[in-house]
Engineer: 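I have a structure here, written as structure tokens, and I will follow up with some questions on it.
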Amino acid sequence: MNSTAVAPRGTGVLVVGACQAGIQLACSLREYGYTAPITVVGAERHAPYQRPPLSKTLLHAETSPDAIALRSEAFYADQGIRLVLGERIIRVDRGDGGAGVAYAHSGRSFAFDRLALTVGARPRRLPVPGADLAGVHYLRDADDALALRAALAEAVDVLVIGGGFIGLEVAASARVLGCEVTVTLADNRLLERAVGVPTSEFFLDAHIRRGVRVHLGAPPVRLLDDGHGRVRGAELPDGSVLTADLVVVGIGAVPRTELAEQLGLTVDNGIVVNEYGLTSDGTTVAAGDCVACPPPVDLPDGPVRIRFESVNTAVEQAKTAAALLADRPVPYWAVPWFWSDQYDLKLQVAGLSTGHDRYVVRGEPDTEKFAVLYYRGGHLVAGDFVNRPADFLAVRSALAAGRTIPPEAATDTTVPLKKLIADDPRQAVA
Amino acid sequence: MPKVTYVSDAGEVRVVDGLAGDSVMQTAVRNGVPGITGECGGVLSCATCHVFVDEADLDRLEPVSGLEDEMLDGTVVDRCPNSRLSCQIKLSEELGELRVTTPEAQE
Ligand SMILES: Cc1cc2nc3c(=O)[nH]c(=O)nc-3n(C[C@H](O)[C@H](O)[C@H](O)COP(=O)(O)OP(=O)(O)OC[C@H]3O[C@@H](n4cnc5c(N)ncnc54)[C@H](O)[C@@H]3O)c2cc1C
Ligand code: FES
């Protein structure tokens, strides 16, 4: 891997995108001993912040963008990290060996020896008539969250389109605020791409118990105008109409790949990187929601690349890319995990359940405290945990150590999972 | 002004002025104090903000919640009687100064 590292020629690393991945990349570069300049350019005006609270406490509790800042201003100065906010990079010109110049919308330019792309993703737009009416919201940035919070304060009937994490977290926040809430989605179960069937079914029941109406398999065909350019509801495929004075669309995110495409990098549902965070040109690195990377865990017969949107993945990929730039390459290999908070329900997910052939449920879902452990070929691969944080930590550490938890024993809630972690017989043979 | 003294596993000391309302975890992460990761941002999801609280300060803190207690059972370095998740310790004028030791590892 050494051939890819170029000795700094003075302008150092330019990181495009100043959020979870970009800031981690910059901090890790310093931690790994990189001494040349580091510039991080971000399009948003807010100091780099954490996104998870945007759909949670920022909507329903007294949280402000300042309260969710990732680092203090003094910290960046101290670390010699130059932070340029409110500048969107629109073009990059490249010379030899990875160096080049990036141009911002404003006309400012930023020269670099090495480029890192941490540009994240944007919300997928609803492809139906009426999607641009007033009162239709998306949620990705702090500004979106502030606008949505203001709108929720006035709203009576909230319609959430999409049954993924952001949709369900917004639904929960809106219920906490006292709104009437309806969720409608194309899929036949909630959180389809992120959790297994028992967990999806639990979240359906849990939302219904808290007064949310849910329509599965019902993607709106159009949004309806109140005659003044404001949304008044949505029409479903069967012709029925859901009324709403506020619509929130949460139907997934699309990786921002324009700069990568302009640079001629390979893109396939994300900027393609190898296990070191290196893109196809052999010099540019990328990390976070904008990348598609080899799975960081064993996934026999699974996809060659995954795009996994979570804080943990953004952080781990950023560390990996920083290590490469600092000439200390270590491949990305770690158990991906994430969480979601809805009402008083804490969901934690560890590992990738893709392709599991068996699962066991530990605890009773109706008590709102249970876990689902997923197995493939007798081998523990993942788990979903609702209000069972100790079990989550046990499974995460078992997976990280390549160990297992016997499925038969796992259902006994009187024994802590931590005590059941055992050597994986398959690993031992292999 | 609230103040937190962070002592690393190796005995290095960092004293940081904090803001009332911020947690011991936030104060460390924002100011680049090593030894505390705080990956989930303080919502009791990651258990990477484990600290050992100075015995003298322990009783002055809000009690451990059920969720925190469960998470403490799964920290990378095993819990001790003075273990806390530092995202759950909020600074305040009344609390004043605190002293915590960070474990050898968080992840
Ligand atoms: C509402 C919400 C709730 C979430 N909740 C959770 C959760 O509970 N748990 C969890 O694990 N994960 C959660 N996530 C996912 C997590 O926040 C993301 O995976 C993470 O933020 C990805 O980080 P990133 O740096 O790759 O991308 P982003 O956070 O999207 O940051 C990319 C940044 O780059 C900037 N940018 C883009 N293009 C340019 C350009 N050309 N020039 C300059 N700047 C540019 C953008 O403005 C943005 O600030 C949530 C996400 C959202 C939106
Ligand atoms: S910061 Fe995640 S549990 Fe404390």
Side-chain angles (χ1 to χ4, degrees), chain A residues 20 23-24 27 30-31 47-53 56-57 62-63 66-79 81 310-312 314-316 319 334-335 337-341 344 346-349 369 385 387-398 400 416-419, chain B residues 1-2 4 6 8 12 14-50 64-79 83-85 87-88 90-91 103 105-107:
Chain A
Q20 205 85 51
I23 296 304
Q24 183 66 49
C27 296
R30 288 290 180 242
E31 197 184 318
Y49 59 88
Q50 307 163 47
R51 253 163 242 281
K56 310 176 183 84
T57 50
E62 295 295 314
T63 302
D66 283 348
I68 57 173
L70 283 163
R71 307 277 181 162
S72 69
E73 249 173 71
F75 171 80
Y76 297 114
D78 215 52
Q79 294 284 306
I81 295 170
S310 77
V311 167
N312 169 259
V315 165
E316 293 301 326
K319 288 183 186 168
V335 180
W337 72 274
F338 65 91
W339 76 95
S340 171
D341 291 322
D344 51 351
K346 171 167 299 293
L347 170 71
Q348 291 160 299
V349 175
K369 198 171 159 52
F385 306 86
N387 290 340
R388 290 199 80 95
D391 288 352
F392 160 73
L393 293 171
V395 166
R396 195 177 64 174
S397 70
L417 277 192
K418 197 176 176 175
K419 296 227 159 73
Chain B
M1 185 181 271
V4 190
Y6 298 89
S8 78
E12 283 159 48
R14 280 263 316 253
V15 183
V16 181
D17 288 332
L19 298 172
D22 278 0
S23 69
V24 170
M25 179 282 290
Q26 276 173 319
T27 307
V29 171
R30 291 218 183 117
N31 295 292
V33 177
I36 296 181
T37 309
E39 192 163 358
C40 75
V43 296
L44 281 179
S45 288
C46 69
T48 63
C49 61
H50 181 200
V64 177
S65 71
L67 215 52
E68 180 182 347
D69 192 41
E70 278 195 52
M71 293 287 278
L72 279 167
D73 279 338
T75 50
V76 169
V77 170
D78 281 341
R79 78 188 284 179
S83 282
R84 291 295 305 257
L85 292 180
C87 64
Q88 301 304 302
K90 294 271 181 285
L91 304 184
Q106 296 283 8
E107 302 164 67

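Chain identifiers are assigned alphabetically (A, B, ...) following the order of the sequence lines, protein sequences preceding nucleic acid strands; residue numbering begins at 1 within each chain.
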Engineer: Restricting to non-hydrogen atoms, name the atom on B:Ala47 and the atom on A:Leu393 that form the minimum distance, rounded to 0.1 Å.
Structural biologist: CB-CD1, 3.8 Å

Engineer: Restricting to non-hydrogen atoms, name the atom on A:Trp337 and the atom on B:Cys40 that form the minimum distance, rounded to 0.1 Å.
Structural biologist: CH2-CB, 4.4 Å

Engineer: May I ask you to say whether B:Glu107 pairs ionically with A:Lys319, meaning some side-chain N is under 4.0 Å from a carboxylate O?
Structural biologist: yes

Engineer: Charged N to carboxylate O under 4.0 angstrom, B:Glu70 versus A:Lys346?
Structural biologist: no

Engineer: With a 4.5 angstrom heavy-atom cut-off, is it the side chain or the backbone of A:Asp391 that approaches chain B, or both, or neither?
Structural biologist: neither

Engineer: Give the minimum heavy-atom separation between B:Glu39 and A:Trp339, together with the two atoms involved.
Structural biologist: O-CH2, 4.3 Å

Engineer: Roughly how far apart are B:Cys46 SG and A:Arg396 CZ, rounded to 0.5 Å?
Structural biologist: 7.0 Å

Engineer: Quick check on A:Ala400 against chain B: is it the side chain, the backbone, both or neither that has a heavy atom closer than 4.5 Å?
Structural biologist: neither

Engineer: Is it the backbone or the side chain of B:Leu19 that comes under 4.5 Å from a heavy atom of chain A, or both, or neither?
Structural biologist: neither

Engineer: Out of the candidates B:Leu72, B:Leu44, B:Leu67, only one should pair with A:Pro389 under the side-chain contact (heavy atoms from CB on, under 4.5 Å) rule; please name it.
Structural biologist: B:Leu67

Engineer: Where is the tightest heavy-atom contact between A:Leu70 and B:Val29, given as atom of each residue plus distance?
Structural biologist: O-CG1, 3.9 Å

Engineer: Taking only residues two or more places apart in sequence, or in another chain, which ones meet A:Asn387 in a side chain to side chain donor-acceptor pair (under 3.5 Å)?
Structural biologist: none

Engineer: What residue in B:Asn31, B:Val76, B:Asp73 has the most heavy-atom pairs under 4.5 Å with chain A?
Structural biologist: B:Asn31

Engineer: From A:Phe392 CZ over to B:Ser45 OG, what is the distance, rounded to the nearest 0.5 angstrom?
Structural biologist: 7.5 Å

Engineer: List in chain and number order the residues that pass side chain to side chain donor-acceptor pair (under 3.5 Å) with B:Asp69, two or more places apart in sequence or in another chain; answer none if no residue qualifies.
Structural biologist: B:Arg79

Engineer: Is any side-chain heavy atom of A:Glu73 closer than 4.5 Å to a side-chain heavy atom of B:Arg30?
Structural biologist: no

